[in-house]
**Q** 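Got a structure for you, written out below as structure tokens; questions coming shortly.
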Amino acid sequence: MATDTLKSKPGAQGGATGGLRRLLLDNGALTALIVLVVAMSALSGDFLTADNLLNVGVQAAVTAILAFGVTFVIVSAGIDLSVGSVAALSATVLAWSATEAGIPVALAVLLAVATGIVCGLVNGFLVSYGKLPPFIATLAMLSVARGLSLVISQGSPIAFPDSVSHLGDTLGGWLPVPVLVMVVMGLLTAFVLGRTYIGRSMYAIGGNEEAARLSGLRVKKQKLAIYAFSGLFAAAAGIVLASRLASAQPQAAQGYELDAIAAVVIGGASLAGGTGKASGTLIGALILAVLRNGLNLLSVSAFWQQVVIGAVIALAVLFDTVRRKAGATTPAAGTSGGGNKGKQALTYVIAAVVAVAVVGATSLLHNGSSGADKPKIGLSLSTLNNPFFVQIRDGAEEEAKKLGVDLTVTDAQNDASQQANQLQNFTSGSLSAVVVNPVDSDAAGPSVRGANQAGIPVIAVDRGVNKADTSALVASDNVEGGALGAKALAEKLGGKGTIVILQGQAGTSASRERGAGFAEGLKDYPGIKVVAEQPADFDRTKGLDVMTNLLQAHPDIDGVFAENDEMALGAIKALGSKAGTSVQVVGFDGTPDGLKAVRAGTLYASVAQQPSELGRIAVRNALRAAEDEKVEKMVKVPVKVVTKENVAGFEG
């Protein structure tokens with residue numbers, strides 16, 4: 001009754017105030033997006049440029065396409081955790097089919113789309129007929145699809161066909177194709193939800209599944225179709241993502257399922273089902289993209305960015321709770337009356353006018369203010385969850401402070417697509433130069449070419465960039481380092497024995513190059529036999545777990561080669577008293593913890609790269625390139641095998 005009374009007397013709280021309150025509650029996501037755009041425009045003069053706004057659209061595209069598919073599932077009170085892995089699998093199937101298998105590209109695209117649909121149908125079957133909770137069914141598919149992607153690709157990126165890679169390009173030199181695909185998929189989502197029988201069925205099932213069944217809906221078959229839609233959209237997102245990176249990355253789109261779910265919830269849908277619409281999902285994806293883009297431009301720490309985005313998701317859910325308690329409505333697509341639509345359209349126009357006015361004012365302020373005198377350099381690292389790259393950052397920051405450079409550091413978290421976004425943001429900003437440590441050499445190419453076109457010099461550090469122009473490559477030789485590691489371990493074992501290899505993250509160039517160098521170096525020692533090779537993802541904990549498991553099958557090994565010190569330290573923990581006595585361990589990178597283990601004798605050797613020096617030299621060369629000074633195309637920082645005998649004189 002209280003709600004009815006409130007609805008019948010809107011003037012009780014003041015006409016304008018009550019109407020504004022109702023408007024904000026019913027359109028919270030749009031309000032948040034407008035506030036964010038205004039705030040970012042006020043805080044950064046680089047935000048409100050045509051290039052940067054197009055970047056935001058491109059960066060939102062993959063998440064939005066995934067989220068459109070997830071919208072169908074959430075509206076029907078389900079959940080789909082597999083969309084990121086299905087996207088990677090679909091892209092891998094396309095690339096492998098068109099290259100390795102020699103299938104015509106058109107058929108390969110159809111096969112990739114079919115892969116997504118089949119994965120969705122399997123999810124739907126497990127949920128509908130297997131009676132598995134959606135969380136469990138799609139969690140299983142997440143693992144299966146990711147594993148199949150790695151099996152098909154053998155853990156390495158596969159070059160994408162040129163005819164499909166154009167999906168990552170622009171039309172007319174300015175309109176990004178991913179944005180067009182996003183718009184088309186959004187319109188398709190709106191049509192399905194608002195104008196089709198299956199769309200209305202989704203709302204009915206999400207509102208009350210039992211009532212829907214008693215009303216004559218064939219709920220099980222509807223769920224099959226719903227999850228198939230989600231798989232179809234995941235396949236489309238995977239193809240767009242791989243097109244942007246010019247390669248199918250088997251580890252691509254990790255964690256994207258969470259971004260997709262967040263976009264749907266931020267857009268006003270309820271995880272309880274029954275509500276949600278395409279426009280809200282699009283706004284949710286744009287909010288996430290604007291946040292990441294703006295925080296990059298504002299040089300906010302990569303770690304704090306995760307905190308901010310997590311807080312925004314939590315606030316969105318809290319707002320949804322407040323909105324429901326206050327009686328705000330989120331009409332199903334296509335169900336609102338004509339009068340309400342007219343009022344909403346007028347509201348959006350007024351909001352847009354206000355936003356443009358405020359943004360225009362802030363832009364004038366930025367134009368009128370003098371820019372900073374310091375040269376600005378962006379540094380995109382593949383990850384900051386590894387001491388080696390933390391040392392590169394520390395060396396770079398030390399050199400930047402010494403040279404009076406404003407250095408912005410971003411963390412790609414070993415995600416090639418996230419790094420592509422960060423490099424695009426750097427290109428949009430007023431930077432003098434960019435330093436990039438690629439997650440993958442091929443995947444970084446398109447974004448670096450964008451910086452080339454913008455006239456921004458790019459310095460690659462530790463790993464090169466393929467099919468793009470870099471002013472310099474500052475690196476150690478990973479292949480040479482792998483060969484030195486093989487020689488050190490083999491000679492310590494006297495040229496004979498059995499060993500295991502702990503590999504880095506599948507698909508990364510560092511793992512490929514170090515592994516190839518080690519294999520080449522081992523050819524000179526036929527008495528050394530490799531009995532097992534397993535990935536531990538450059539992670540100490542995984543190194544411990546994988547080594548523990550390998551010891552069950554191979555308890556009498558003589559040596560271990562780990563493709564970085566973190567995995568080597570995990571292996572040492574698993575070996576216990578055997579480390580440095582009956583089993584010799586060789587790592588890679590020369591990190592502080594690794595060198596400490598060398599001093600203690602538990603780690604026989606580490607192939608050290610002097611990461612701090614890499615960072616210092618990279619920033620130095622970036623500043624020279626920005627000032628049009630001559631820069632050497634290749635700057636080699638020598639690697640060195642550090643053992644207990646020479647560790648005292650080594651500085652990283």
Side-chain angles (χ1 to χ4, degrees), residues 16-50 52-57 59-60 63-64 67 182 186 259 262-270 276-301 304-326 328-330 343-367 369 421 425 428-429:
T17 305
L20 179 61
R21 176 176 175 273
R22 175 66 58 190
L23 171 67
L24 293 176
L25 287 172
D26 282 349
N27 301 282
L30 179 62
T31 304
L33 179 60
I34 291 172
V35 169
L36 266 178
V37 169
V38 171
M40 294 302 178
S41 301
L43 294 171
S44 172
D46 296 320
F47 179 81
L48 197 70
T49 63
N52 190 60
L53 292 178
L54 288 173
N55 282 345
V56 171
Q59 292 164 25
T63 299
M182 175 180 70
D259 276 0
V264 178
V265 174
I266 291 171
S270 170
K277 50 187 179 179
S279 59
T281 296
L282 176 60
I283 291 171
L286 288 172
I287 285 174
L288 292 175
V290 167
L291 266 175
R292 290 196 171 102
N293 176 270
L295 293 173
N296 278 169
L297 294 179
L298 294 172
S299 303
V300 174
S301 160
W304 277 110
Q305 288 186 33
Q306 296 183 55
V307 174
V308 171
I309 291 169
V312 167
I313 294 171
L315 287 172
V317 178
L318 286 173
F319 180 84
D320 180 62
T321 303
V322 172
R323 178 176 63 82
R324 292 178 186 282
K325 287 182 178 179
T329 58
T330 304
K343 289 179 181 178
Q344 276 197 339
L346 179 60
T347 299
Y348 292 165
V349 170
I350 294 173
V353 170
V354 172
V356 169
V358 176
V359 168
T362 56
S363 298
L364 288 174
L365 288 174
H366 283 300
N367 290 336
S369 60
N421 292 342
N425 294 340
S428 300

**Q** Could you check if a side-chain atom of Arg292 sits within less than 4.5 angstrom of a side-chain atom of Asp259, using non-hydrogen atoms only?
**A**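 The answer is yes; the side chains approach within 4.5 Å.
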
**Q** Working to the nearest 0.5 angstrom, can you tell me the gap between Leu291 CG and Leu286 CG?
**A**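 Reported value, rounded in 0.5 Å steps: 11.0 Å.
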
**Q** Taking atom OG1 of Thr31 and atom CG of Leu36, what is their separation to the nearest 0.5 Å?
**A**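 One finds 11.0 Å between OG1 of Thr31 and CG of Leu36.
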
**Q** I want to check something: taking the side chain as every heavy atom from C-beta on, are Leu33 and Val290 in contact at a cut-off of under 4.5 Å?
**A**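 When only atoms from C-beta onward are counted, Val290 and Leu33 do touch, with a gap below 4.5 Å.
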
**Q** Measure across Ala263 and Leu288 and return the closest heavy-atom pair with its distance rounded to 0.1 Å.
**A**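 Ala263 and Leu288 have their closest heavy atoms at N-CD1, 4.2 Å.
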
**Q** Work out which heavy atom in Ala289 is nearest to a heavy atom in Ala60; give both atom names and the distance.
**A**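 Closest pair (atom of Ala289, atom of Ala60, distance): CB-CB, 3.7 Å.
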
**Q** So, using side chain to side chain donor-acceptor pair (under 3.5 Å) as the criterion, who are the partners of Asn425 when residues are at least two apart?
**A**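 Listed in chain order: Gln59, Asn293, Asn296.
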
**Q** Of all heavy-atom pairs between Phe47 and Asn52, which one has the smallest distance, and what is that distance?
**A**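 Taking Phe47 first and Asn52 second, the nearest heavy atoms are O-ND2, 2.9 Å.
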
**Q** State, with a plain yes or no, whether a side-chain heavy atom of Ser44 is found less than 4.5 Å away from one of Leu298.
**A**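 Counting from C-beta outward, Ser44 and Leu298 do come under 4.5 Å.
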
**Q** How many angstroms lie between CD in Gln306 and CG in Leu295, if you round to the nearest 0.5 Å?
**A**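 If I round to the nearest 0.5 Å, the distance is 11.5 Å.
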
**Q** Checking side-chain contact (heavy atoms from CB on, under 4.5 Å) for the pair Val300/Val308: CA distance, chi angles, key distance, verdict?
**A** CA-CA 10 Å; Val300 174; Val308 171; 5.5 Å; no

**Q** Where is the tightest heavy-atom contact between Ile266 and Gly284, given as atom of each residue plus distance?
**A**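 Closest heavy-atom pair between Ile266 and Gly284: CG2-CA, 3.9 Å.
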
